[in-house]
Enquirer: 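Let me begin by handing over the structure; questions about it come next.
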There are 2 protein chains.
Amino acid sequence: MKAIKIPDKTIARLSIYLRCVEELESKGTASISSTQLADRFGLNSAQVRKDLAYFGQFGIRGLGYYVTPLRHSLEEILGLKRAWNVALVGLGNLGAALAAYKGFQEKGFKISVVFDRDPDKIGRQIEGIPVMDIEAIASVVRKRKIKIGILAVPASAAQAILDAFVKGGVIAVLNFAPAQLTAPRSVKVQNVDLSALLKTLSYHIAQAERPTSSTP
Amino acid sequence: MKAIKIPDKTIARLSIYLRCVEELESKGTASISSTQLADRFGLNSAQVRKDLAYFGQFGIRGLGYYVTPLRHSLEEILGLKRAWNVALVGLGNLGAALAAYKGFQEKGFKISVVFDRDPDKIGRQIEGIPVMDIEAIASVVRKRKIKIGILAVPASAAQAILDAFVKGGVIAVLNFAPAQLTAPRSVKVQNVDLSALLKTLSYHIAQAERPTSSTP
DNA sequence: TAGATTGTTAATCGATTAACAATC
DNA sequence: TAGATTGTTAATCGATTAACAATC
């Protein structure tokens, strides 16, 4: 009833907390305070406590947070207690790299099918993953109950692929195409524009080199 | 003197505006209003005007913004009027993909040297780019006046590489390692944690499937 | 019990949006 | 001139931070 809106930034920080807590656990640390946690990332301790408090009471007053239970809670909140099948579309340089990338698998995200439109690629396998025709996206994704899609296609093709994803029941998409896509509000589209990130950096350098502005 | 702080979010949006303006230009559109521009991205027209106004007066009252001059201005602001040499470290799956990725080159970012610690790779070339020993990072980067670095190494190695970058004069880094790195404040570090982005998505799905919460 | 740290409310800060005089 | 749209100031909104009672 009380529709408390949890900020996207809070969710993004949960991943950071999880990473930290995993490291602490492997070192055998039993507990950590919000201040210690915050200091590691240049965050504020109140922010850490508030972020966590959106989801329940995980701490112990006077002590802090027990590391292992906190890890479990964070995994539960982030939906990491289960394995996810992921569909990848586009086998260009970036797509092929993502298919081969071990990092996803380790975190429980398994790319279980790849789509491309190149007849030379369709029917083959890459890293043991079958490559299928993009025409089959909606039906395959639906049959396999895949909820997460990755778009690694040119901007011009991205919207059509997203539409196929949505048709097949995908509700979360990681989009590497530099394009503004439209989807139903229930579908979460996370854009990652690698070139745009580099442009941000070149701004920073150009700025640093500009004689007018002093570095404050 | 008046140290007006320009928000990072504004800079990120400039890239988006630029992309839009490039498209308009290729279609032959002469001018666009802030409202039209905003509508394409679900932004507010005042925000578009304010973002641009940080850098000068680019519009014409009663008309809007002329597309070609605006593109030039945005390129100038973002530091895209020149080519940038970029150093890439790490030739794993992701690093190799980035080396081969055409998108960066097209936008004026040329990966001109790659570093790895694997003796089998050192001395070879990838995509025509020389592969050198990570021990040489600081000296090579300094000699070549490279200001932008990309980190595609495991988290455990990232801080040492960043230190070498800084030593060599790099002042902007795109970091794909899931690690919290420290650098002088004059160095801009842009983190991209691909696994964390997927975790954000899995949260979204877990959330959508949770019976308690209604979709507002 | 004394000391520490949480969970949470209130204050602050910064970014977004509305409104409108300036002006093409 | 009339209509449109900018540049900019003021109002709003949301997120961050400070403060502190609750409590381990």
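In the text below, chain A, chain B and the rest are named by the order of the sequence lines, each starting its count at 1.
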Enquirer: Report yes or no: do B/Q47 and B/D51 form a side-chain donor-acceptor pair below 3.5 Å?
Expert: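 Short answer, no.
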Enquirer: Name the pairing partner of C/dA4, where a pair is Watson-Crick or G-U wobble with both distances under 3.5 Å, or state none.
Expert: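 Result: D/dT23.
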Enquirer: What I want to check is whether the side chains of A/S45 and A/R49 have a donor and an acceptor closer together than 3.5 Å.
Expert: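 A donor-acceptor contact under 3.5 Å links the two side chains.
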Enquirer: Do the side-chain N or O atoms of B/Q57 get closer than 4.0 angstrom to the phosphate oxygens (OP1, OP2) of D/dT8?
Expert: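 For B/Q57, the contact criterion (side-chain N or O under 4.0 Å from OP1 or OP2 of D/dT8) is met.
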Enquirer: Using 4.0 Å as the upper bound for N to carboxylate O, is an ion pair formed by A/E76 and A/K81?
Expert: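 So A/K81 does not pair with A/E76 through a salt bridge.
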Enquirer: Using purine N1 to pyrimidine N3 plus N6-O4 or O6-N4 for Watson-Crick, or N1-O2 and O6-N3 for G-U wobble, both under 3.5 Å, which nucleotide pairs with D/dA10?
Expert: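 For D/dA10, the partner nucleotide comes out as C/dT17, under the 3.5 Å rule.
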Enquirer: Taking the side chain as C-beta and beyond, is there a heavy-atom pair between B/V113 and B/R144 under 4.5 Å?
Expert: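 When only atoms from C-beta onward are counted, B/R144 and B/V113 do touch, with a gap below 4.5 Å.
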Enquirer: Are any non-hydrogen side-chain atoms of B/V86 and B/I150 less than 4.5 angstrom apart?
Expert: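 B/V86 vs B/I150: side chains touch.
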Enquirer: What string of B, S and - do you get for nucleotides 14-24 of chain C, 5' to 3', when a contact is any protein heavy atom under 4.0 Å?
Expert: -SBBBB--BBB
Enquirer: Do the charged groups of B/K107 and A/D193 touch, with an N to O distance under 4.0 Å?
Expert: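 Salt bridge between B/K107 and A/D193, a charged N being under 4.0 Å from a carboxylate O: no.
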Enquirer: How would you label the contact of B/S34 with the nucleic acid (heavy atoms, under 4.0 Å): base, sugar-phosphate, or nothing?
Expert: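 Sugar-phosphate, no base atom in range.
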Enquirer: From CD1 of B/I32 over to P of D/dT5, roughly how many Å is that when rounded to an integer?
Expert: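 Taking atom P of D/dT5 as the reference, CD1 of B/I32 is at 11 Å.
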